[in-house]
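Structure record follows, encoded as C-alpha cells.
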2 protein chains.
Amino acid sequence: MAFKFQLNPDIKFEYNPEFLARAAENESKLITHQHVIKNWLTLNPQQQLTSLPKELIKVPLQRDDYRILDFGTHYVGHLSLDINIHGAKMDAPLTLKFQFAEIPAELGLASSNYNGWLSRSWIAEETLHIDHLPIHLQLPRRYSFRYVKITVIDTSPKWKITFANPTITATSAVDESQFPNPTSQDPELRAIERVSTKTLAECMQTVFEDGPKRDQRLWLGDLYLQALANYATFKQNKLVTHCLYLFAGMPTTSGLVSANIFTHGQLAPDDTFLFDYSLFFISCLKDYVLQTHDVSTGLNLYPVAKKQLDLALKHLNGIGKLQLPSTWPAFIDWGNNADKTTAGQGVLIKVLRDFLKLTTNLGLSINRRYPAALEQAVTYAQSNLFDIKKGLFFSGPNHEFNLYSQVWMALSKTLPSNETTKLMTTTYQDFFPVTGIATPYMYHFIVTALLESGLKAEGRQLIKTYWGGMLTQHADTFWEAYKPEDLTYSPYGSPLVNSYCHAWSCTPVYLIKKYHL
Amino acid sequence: MAFKFQLNPDIKFEYNPEFLARAAENESKLITHQHVIKNWLTLNPQQQLTSLPKELIKVPLQRDDYRILDFGTHYVGHLSLDINIHGAKMDAPLTLKFQFAEIPAELGLASSNYNGWLSRSWIAEETLHIDHLPIHLQLPRRYSFRYVKITVIDTSPKWKITFANPTITATSAVDESQFPNPTSQDPELRAIERVSTKTLAECMQTVFEDGPKRDQRLWLGDLYLQALANYATFKQNKLVTHCLYLFAGMPTTSGLVSANIFTHGQLAPDDTFLFDYSLFFISCLKDYVLQTHDVSTGLNLYPVAKKQLDLALKHLNGIGKLQLPSTWPAFIDWGNNADKTTAGQGVLIKVLRDFLKLTTNLGLSINRRYPAALEQAVTYAQSNLFDIKKGLFFSGPNHEFNLYSQVWMALSKTLPSNETTKLMTTTYQDFFPVTGIATPYMYHFIVTALLESGLKAEGRQLIKTYWGGMLTQHADTFWEAYKPEDLTYSPYGSPLVNSYCHAWSCTPVYLIKKYHL
C-alpha cells in the first residue's frame, strides 16, 4: 500500500526492547527453491512476446541484441546465469541491461520516459559491466519477476556472448512446493484460489511484505488481510506473531503504531500514520488469538491494541461523531476525491466490536467506556448519517453518497441485520457495476460486505468478475491496482512501478473458504 | 593503441612457463595515495564547468539534481564517498548515475547518443542502486578520471541526500609524490615534461598500460616508448622486465609475439599481430640492456628477439624488398589511406640495426646473414624507393609521397647522415605544418626523425606546438589522439571513448632530456 506521502519529521518513537526481542525470536527462515528458465522469448514485429525459435537460443549475441527469459510464473528472488564468450579474447568490458518484469507490458516501456511521481528507483532494472568472461553471474539484488529482458549494450566487434542456465533462486517464508489445494468446486474460483495463494506466498518473506517488487514493506492494512489469508492456507502463524511484535515494538512516544515498518536493513517505523491502519492492529490481534489460541501473545499485546483504540476515541465527540485530525487520516482507499468521514466512522465501529471480542476472548473484563463509545458511535451514525429515503449512508458536509460509506457501514453492522441486507441491496442497485475503484484492497471490503450481508451470489460474482478479470489478463499473481474499466490504469503514471504481486489482493482464498463459495 | 580489428581465431599460442614465472617474479606492487575532492563544480547556462557556490555544496539533492566533483588533476583509481540521507526514512532505493571524465567535454555528451564502432562498454559510467543509507560507498571498478558527475536518478519525495568526503584512492606503479623534476630551462618545455611524466605515471600500473581508461592493456608499441620515458624519469626498470617476459612468455606456435597482452583477469595474448610492434620487441630489449645492464635478461630473451627478426626476414625478397602478408601488417599509424610499404621497409632497417647493437651489447657473435639482410634492404630502398629529383622517398605502386615514408627512412638511416638531413629539410618544407595525423605516437617519430637528423630547432618547436597545443586545451595528461587542425577529432566517432591519458603520448620528457632541449 502506498499513495499519499506524509511528512512527520517531529514525531518521536519509543522502542520497546522486550517486544522487539519477541519479534526477533519469531523470525522465520526463508525457504529457497531453484527454478530454471521455462521459455526463451523474443518480441515479434508487433512488439508482442513470442517464443524464440529453438535454433536461435544458442546464437551468439552482440550490441543491441537481446533475449527475454520466461520463468513460467512469478517468483521473488535472485537471478543467476552463465555468460560465455564466443570469438576472440575479451578486449572490452561487457555491458548488459537487465529489465525485470512481473507482466509482459512492463518490457515495452522505456524507463527513460518515466515521469511518475513515485521514485524512479523502483523501476526494476540494472545495467552491469562485466570485466571477465566466462562468468557465472549472480545478481546481488532481489527482484520480483517472471520475465527478464537482457539487452547487450555492447560486447566488442571481436567477440559475442551466449547465455546459459538462467536460474532464479526463489525465496518465500513458505514452501512453494506444498501449496494447499483449492476448496471451491467452481473451476474459476479454484483458479482464483490458486493465484491468491501464490500471491500470498510470494509476499511472505521475512515479514508479510505489501509487494515484493515495491514497497517491500510491512504495512498494517496489508498484514491484516494477509494474516486472514494465511490462516486459510499456510497457517504460518509465527510470521504473524513476528509482525505484530514489530508494530508493537516501535510506536510513537504517544503509543501510536505506525502504518508501516521498514524491515530491509535497519528496522524502523515509517512516519506515516493512518487511522484505519492503526486500528487494524486490534482486528488483526483479535483474529490472531481466535486462530492461534496464543493467549500469551494476546495478553502481551493487548495494551498496545487498547492504546490504539484509546487514541481513536479521543476524536469521538460528545455525540458519537468521529472527527479525525489531518495528521491521522483514514486511508479507506486510494484517492482523495471521495469524502471518507462516514467510512471512517464505520471502521471505528467495526474495530470497537473487534476490541470487545478480543477482550472477551482473552478472558479480560470490559471497561464499560468501550461499549458506551460503541453505542454512541452507532447511534450517531444511525441518526445523523443515514438517509432513510434513499436507504443509504451519506458522508461529509455535502451529504455525499459513496460506496465507501455503504461498505464500511455494512461491515460495522451499524444497522440491524435485515436493514444491512437492505442497505447492501440498495448499494448493489446504485453502485454496481463498480467504477472508479482500482484497489483489490477496497474490493475485498466490498465483497466482504456483500457476503456478510447475505448477498452471497453477488459477492461470489464480484470475486469472479474482479479477480477473475485479472486472470483473463493472464495474471500469475494478483495486482496492486486493477481497474476493470481501464486496463492500462496506473496510480503512479506508469505501469513500470506498479506492483503486480500485491499482498492486499490475496484475500479471495480466504473469502472463498470462509463463505464456502 | 587500437584501431583496426584483426580476427585470427585459428592462431595457436604456446606459453613458455619459465618466462611467465620470471614475469611473475618481477611484478610490481601498486602504490596508493588518497586524494580528496579539490572543487565542487556545476554547469553554467552555457553548459560550461564552473565552481559551485560554497553555500550550495551542502544543499540536499533529489531527482535530477547533480554534483560534479573535481579532483584537481587526473588520477587512476577507485572513487569513494559518503552519502547521507535528509528527511524521512528511506522508503525507496536511491539510484545514482556516475559519469567519469578525463576532460570536461566528456560530461557534455550523452552515452545514449553514442554510435561509434568501438565498444560502448568503454563509456565510463555506472548506474547504481543503493538500498541502505547512510553509506560509505566504494565503487568497485577502477576508473581513470579527474571529474565525476553524479546525477540523482531518484530518491523519493520523502527524502534527499548529500554527498561528503569524495575521495579517490589512486594507484600507480610509481610514487606520485616523488616525481622527477623537469630538466629543460624553457618554461613551456618544463610544463610539457611535467605532464608527460604524469601521463607516464598514470599508465604505469601492474603493467605499462596503453591507457588506463581504455584499453587498459599492454601494447608492444606503447611499451617501447613508455620504457624510454621511464628510463628518463622513474627508472622503474622491474616493470619493463615484467612486461618483456610477458610478451616473450606467450608467443604463437610460430614464435611470433602478439601486438598486445590482456593482463586484467587471466593473462592472455591478443590475436592481433603487427609487423612493427613485433619488431619493437627487439628495439625495446636493446634499450633495456643498454639502460639496465641486465645482461642475464637480455640473454634469456635474445632468442625471442631473434625469432621476430627471422620471421620478418622471411618477407624480404631476393632484392631486399619487404613484402608483408595482409595477416601481419605494419601499423605505422592510424588510418589505412596512406601507403605504408616504404615506412615498413624503414622500420625493418631501423630494427635490424637495433638487433646488431643488441647482439654486440650482449657479447654475442653476429651471424652474417643479418648484416647482409640490412645491406640488401638499405640498397633496395636507396635504389628503388628514393626519388632523387624530389629528394624524397615514395611508397607503393603509385609512388605515393607521404610523411610516414620520410620519417621512417630518416630513422632507419638508409641514407648517409648529410643526405638524411637534406631529406628531413625537404620533408619539413613539403609536409609542414603537419596535417592529417592525429596520434602523439606518430608525432613522436616525426620529432625523433627531426632531432636525429640535425633539425633540432624544428623538432623542439614541434614538441611545443603539438604537445604544447594539448596544454593550451588544459590537458592534465597527454591524449591518445590530438589533431591540431580539428580539436573535436575522435577516431571512434565520439570523444566518450577517447583516452585522454595515453602511454604513447608520454615521450616528450624522454626527448627533451635526451636531446637537451
Side-chain angles (χ1 to χ4, degrees), chain A residues 2 5-9 62-64 86-97 111-112 114-115 117-133 140-142 152-159 214-217 258 260-262 264-266 268-272 497, chain B residues 2 4-9 62-64 86-97 111-112 114 117-133 140-142 152-159 214-217 258 260-262 264-266 268-272 497:
Chain A
F5 286 106
Q6 289 183 17
L7 285 169
N8 292 307
Q62 57 192 330
R63 183 191 284 189
D64 293 334
H86 299 263
K89 297 282 173 191
M90 203 176 170
D91 63 346
L94 166 67
T95 309
L96 297 176
K97 181 171 182 176
S111 57
S112 52
Y114 175 76
N115 267 316
W117 52 268
L118 207 66
S119 178
R120 279 183 197 148
S121 294
W122 287 118
I123 298 173
E125 62 183 27
E126 298 278 357
T127 300
L128 297 183
H129 296 296
I130 293 156
D131 293 304
H132 307 299
L133 290 176
R141 301 177 83 232
R142 194 196 75 179
V152 180
I153 302 299
D154 219 341
T155 56
S156 104
K158 290 193 70 166
W159 49 272
R214 200 219 83 244
D215 305 330
Q216 308 176 351
R217 236 185 291 168
S258 170
N260 70 83
I261 285 173
F262 300 100
H264 292 280
Q266 207 182 359
D270 189 19
D271 62 354
T272 296
V497 293
Chain B
K4 200 191 165 197
F5 285 109
Q6 289 182 18
L7 284 169
N8 293 305
Q62 55 191 330
R63 184 190 285 190
D64 293 333
H86 298 263
K89 296 281 175 193
M90 204 177 168
D91 61 347
L94 167 66
T95 309
L96 297 177
K97 181 171 183 179
S111 57
S112 53
Y114 175 75
W117 52 269
L118 208 67
S119 178
R120 278 184 198 146
S121 295
W122 286 119
I123 299 172
E125 61 183 28
E126 300 277 358
T127 300
L128 298 182
H129 296 297
I130 293 154
D131 293 304
H132 307 298
L133 290 176
R141 301 178 82 232
R142 194 198 77 179
V152 180
I153 302 297
D154 219 342
T155 57
S156 104
K158 291 191 69 164
W159 49 273
R214 202 217 83 244
D215 306 328
Q216 307 177 352
R217 234 186 293 168
S258 170
N260 70 84
I261 285 174
F262 300 101
H264 292 280
Q266 208 182 359
D270 189 17
D271 61 354
T272 296
V497 292

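Here is the naming used below: chain letters follow the sequence lines, and residue numbers restart at 1 for every chain. What you are looking at is a predicted structure, and each value in this text was computed from that prediction instead of being measured.
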Is chain B contacted by the side chain of [X], its backbone, both, or neither, given a heavy-atom distance below 4.5 Å?
| X | result |
| --- | --- |
| Q216(A) | neither |
| H132(A) | side chain |
| L94(A) | backbone |

Nearest heavy atoms of F262(B) and D91(A), plus distance in Å: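 Answer, listing the atom of F262(B) first, then D91(A): CE2-CA, 3.5 Å.
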Minimum heavy-atom distance D154(A)-L118(B), with the two atoms named: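 What the structure gives for the nearest pair is OD2-O, 4.1 Å.
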[X] side, atom [atom1]; [Y] side, atom [atom2] - distance, nearest 0.5 Å:
| X | Y | atom1 | atom2 | result |
| --- | --- | --- | --- | --- |
| R63(B) | N115(A) | CZ | CG | 6.5 Å |
| H129(A) | I123(B) | NE2 | CD1 | 9.0 Å |
| K158(A) | N8(B) | NZ | CG | 7.0 Å |

Region of T155(B) in contact with chain A, defined by heavy-atom distances below 4.5 Å: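 Backbone only.
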Part of P9(B) lying under 4.5 Å from any heavy atom of chain A: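 Neither part.
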Interface residue of largest heavy-atom contact number with chain A, from P269(B), P157(B), S156(B), A268(B), under 4.5 Å: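 It is P157(B).
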Between I130(B), D271(B), L128(B), the one whose heavy-atom pairs under 4.5 Å with chain A are most numerous: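 Option with the top pair count is D271(B).
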Validation row: H264(B), D131(A) side chains within 4.5 angstrom (heavy atoms):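 A side-chain contact under 4.5 Å is absent here.
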Options G87(A), P93(A), A92(A), ranked by heavy-atom pairs under 4.5 Å with chain B, top entry: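 Heavy-atom pairs under 4.5 Å are most numerous for P93(A).
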Chain B contacts, top residue of N260(A), D270(A), I153(A), T127(A) (heavy-atom pairs, under 4.5 Å):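 Winner by heavy-atom pair count: I153(A).
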Salt-bridge criterion met for D64(B) and R120(A) (N-O under 4.0 Å):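 Counted as a salt bridge, because a side-chain N and a carboxylate O are separated by less than 4.0 Å.
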Side-chain donor-acceptor contact under 3.5 Å, T95(B) with S121(A):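 Distance-only check passes for T95(B) and S121(A).
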